[in-house]
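The next block holds one structure in the form of structure tokens; read it before the comments.
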Amino acid sequence: MSEYTERIQKAAQALRERVPFIPKVGMVLGSGWNILIENIENPIRVPYGEVPGMKVSTVPGHAGEWVFGTIGEQKVAVMNGRLHMYEGWDPKDVTFPVRVMKALGIEVLILTNAAGAVNKSFQPGDLMMITDHLNLAGRNPLWGPNEDELGPRFPDMSHPYDGELMNLAREASRQLSFPIREGVYALLPGPCFETPAEIRMVRTLGADAVGMSTIPEVIAANHGGMRVLALSCMTNMAAGILDQPLSHQEVLDTANRVKEPYRLFMKTLVQMI
Ligand code: HPA
């Protein structure tokens, strides 16, 4: 066993000692998504600092705790706050919690984030389901010797986002008459927002949204054979589209404005899985 897989097993064991059930669904809450915590009944909270081997996120709006509990009949493990590469974490640290979820027996991973809308027909507040992605970070959590216990050396990425889960999201959207967008998410490393030229570049490459996270977790989850769904809140139009500066405050303000319909949508969707 490598030092990394040993760390994963230790963290999973520490969580097993605190939580008396095995969740089916894991979730990672990105900027502005912590409202989803309110969907969780009988929550068991575990601060990241109390899990051996876990790093603690440093970004405002990222609480830094695991919340285990139920949403209706569904048992969930939620990471309230994620780790980002721009904080200086190694991609393997960023994806460590995903590995821990897999070690706990979690099969489905739902990732959420805030993103800038590159597609000019989108509007701030829109929810976009990620159907494919562009990893433009120049980094990959699978670099280094492959850990065969975790997954194959050359994982297939033809279907990084699970088709059945995407259909469930479409069904939840129909049931609630809550429209969702679909599109390609491009990862640029941040932490500065992009330049207008970078946004024109990713639009030319086929991106509909741009952000600074999520793809490392998608790669690790696919490597480990988990089923993945990812959702982006379009918190702002990307750089250069509107003549106004971008700020983290705008990101949080937009997410705050749409939190109630998002919470309901996710509550419905998670119970359909
Ligand atoms: N760019 C990158 N990341 C983001 C943005 C953006 O415009 N908005 C929210 N996260």
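The structure presented is a predicted model; accordingly, all values stated were derived computationally and were not measured. As the structure lists them, so they are numbered: ligands from 1, and atoms in each ligand from 1. Because only heavy atoms are used, hydrogens play no part in the values below, and waters and symmetry mates are left out as well, while side chains stay in. Residue numbers run from 1 in the order of the sequence given.
Salt-bridge annotation for E217 and R82: present, with a side-chain N of the basic residue lying under 4.0 Å from a carboxylate O of the acidic one. Ion pairing between a basic and an acidic side chain is recognised when a charged N comes within 4.0 Å of a carboxylate O; E65 and R45 show such pairing.
Checked against a 3.5 angstrom limit, the closest N/O atoms of A114 and ligand 1 fall inside it.
Protein heavy atom nearest atom 9 (C) of ligand 1, with residue, atom name and distance: T235 OG1, 3.4 Å. Shortest contact from atom 3 (N) of ligand 1 to any protein heavy atom: G211 CA, 3.4 Å. E194 OE2, 3.1 Å is the protein heavy atom nearest to atom 2 (C) of ligand 1. Annotation: atom 5 (C) of ligand 1 to nearest protein heavy atom, G116 N, 3.4 Å.
In this structure, a donor-acceptor pair under 3.5 Å is absent between the side chains of Q9 and Q13. One side chain, N146 or H223, offers a donor N or O that lies under 3.5 Å from an acceptor on the other.
The V251 neighbourhood of ligand 1 comprises atoms 8 (N), 9 (C), with distances under 4.0 Å to a heavy atom of that residue.
Of the heavy atoms in N236, only side-chain atoms (C-beta onward) come closer than 4.0 Å to ligand 1. With a 4.0 Å heavy-atom cut-off, ligand 1 is reached by no atom of S31.
Hydrophobic clustering of Ile, Leu, Val, Met, Phe, Trp and Tyr side chains at less than 4.5 Å, counting indirect connections, unites I273 with F21. Hydrophobic clustering (ILVMFWY, side-chain heavy atoms < 4.5 Å, transitive): M157 and L205 are in distinct clusters.
The heavy atom nearest to atom 4 (C) of ligand 1, out of those in V210, L246, T254, is found in V210.
Between the side chain of Q271 and the main chain of K267, a donor-acceptor pair closer than 3.5 Å is present.
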